[in-house]
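Structure, as structure tokens:
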Amino acid sequence: METETATRWLSDDEQCTWRAHLDVSRLLMHQLEKDLQPFGLTNNDYEILVNLSESADHRLRMSDLAAATLQSKSRLSHQITRMESAGLVRRENCESDRRGLYAVLTEQGMETMRKVAPHHVASVRKHFIDLMSPEELTALRQSLSPVADHLRGRRGKI
């Protein structure tokens with residue numbers, strides 16, 4: 001027999017904090033996406049380019065890239081196809097696993113990163129980092145880290 005527990009409704013302060021977080025998340029991602037548009041990139045494209053540019057040999061197994069970007073394998077495959085058409089990435093077979101594929105950053109993809117990254121960082125600074133003091137940034141990081149750690153731990157359980 002299941003026991004019902006009372007819903008712990010959010011207090012006014014908690015509700016305001018939660019809604020501020022939602023607003024900032026949506027508005028910031030919208031603005032960053034808008035600032036990538038002149039380069040023909042989406043936030044997802046940029047995230048893939050960052051992951052590949054920071055990985056060994058500028059390559060990741062498609063399954064690892066899907067996990068890193070929180071995308072389904074199917075959605076990532078469609079996105080990689082589009083990015084391949086733009087010359088940013090290519091697929092390569094995995095020699096150790098015939099079913100596996102790598103996404104590999106092309107030279108054009110790396111050049112795109114070199115060109116876009118300074119603009120993206122400027123956008124992140126303008127719309128997020130520079131709006132807070134170093135102390136506020138530290139407090140925000142300390143506040144959000146346990147939430148991120150909790151959610152990372154749940155990824156395999158959902």
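Along the sequence shown, residues are numbered consecutively beginning with 1. Keep in mind that what you see is a predicted model, and the values were worked out from it rather than measured.
At a threshold of 4.5 Å between non-hydrogen side-chain atoms, the residues Gln79 and Thr69 do not count as touching. Side-chain contact check for His78 versus Arg75: every heavy-atom pair is 4.5 Å or farther apart. Looking only at side-chain heavy atoms (C-beta outward), Val104 and Leu52 stay at 4.5 Å or farther from each other. In this structure, Met62 and Arg91 have side chains that are in contact, with non-hydrogen atoms separated by less than 4.5 Å. Residues Asp35 and His127 meet the side-chain proximity criterion, which asks for heavy atoms closer than 4.5 Å. Counting heavy atoms from C-beta on, the side chains of Ile80 and Gln71 never come closer than 4.5 Å.
There is a path of hydrophobic side-chain contacts, each under 4.5 Å, that joins Leu32 to Leu144. By the rule that hydrophobic residues join a cluster once side-chain heavy atoms approach within less than 4.5 Å of another member, Met113 and Val116 end up as members of one cluster. In this structure, Val124 is not a member of the same hydrophobic cluster as Leu36, with clusters built from ILVMFWY side-chain heavy atoms closer than 4.5 Å. Transitive grouping of hydrophobic side chains (ILVMFWY, heavy atoms separated by less than 4.5 Å) keeps Leu131 and Val121 in distinct clusters. Under the 4.5 Å side-chain heavy-atom criterion for grouping Ile, Leu, Val, Met, Phe, Trp and Tyr, Met29 is connected to Met132 within one hydrophobic cluster.
Rounded to the nearest 0.5 angstrom, Phe39 CZ and Leu49 CG are separated by 12.5 Å. Rounding to the nearest 0.5 Å places CG of Leu28 at 12.0 Å from CG of Asp23. Between Phe128 atom CZ and Leu27 atom CG the span is 13.0 Å, to the nearest 0.5 Å. Within the model, atoms CG of Leu76 and CE of Met83 stand 9.0 Å from one another, a figure rounded to the nearest 0.5 Å. Atom NE2 of His21 is separated from atom CZ of Arg26 by 9.0 Å, given to the nearest 0.5 angstrom.
Side chains of Asn43 and Glu47: a donor-acceptor N/O pair is absent below 3.5 angstrom, by distance only.
Applying side-chain contact (heavy atoms from CB on, under 4.5 Å) to Thr112 and the options Leu41, Leu105, Thr106 leaves one that passes, Leu41.
Judged by distance alone, the side chain of Asp45 and the main-chain N or O of Thr42 form a donor-acceptor pair under 3.5 Å. Panel note: side chain Thr17, backbone Asp13; a donor-acceptor pair is recorded below 3.5 Å. With hydrogens and angles disregarded, no donor-acceptor distance shorter than 3.5 Å links the side chain of Ser77 to the backbone of Ser74. No donor-acceptor pair under 3.5 Å is formed between the side chain of Ser145 and the backbone N or O of Gln142.
Taking both residues in full, the closest heavy atoms of Glu136 and Ser133 are given as OE1-N, 2.7 Å, listed atom of the first, atom of the second, then distance. Closest approach of Trp9 and Glu14 over heavy atoms only: O-OE1, 4.1 Å. In this structure, Asn93 and Tyr102 approach most closely via the heavy-atom pair O-CD1, 3.9 Å. The heavy-atom pair separating Arg61 from Cys94 by the smallest distance is NH1-SG, 3.1 Å.
Within a 6.0 Å sphere centred on NE2 of His119, other residues, nucleotides and ligands contribute more than 12 heavy atoms. Remark: Arg82 CZ is packed, more than 12 non-hydrogen atoms of other residues, nucleotides or ligands lying under 6.0 Å away. Residue-environment remark: CZ (Arg114) exceeds the threshold of 12 foreign heavy atoms within 6.0 Å. Dense packing is recorded around CG of Asp149, with more than 12 heavy atoms of other residues, nucleotides or ligands lying under 6.0 Å away.
Taking a cutoff of 4.0 Å between a charged side-chain nitrogen and a carboxylate oxygen, Glu107 and Arg90 do not qualify as a salt bridge.
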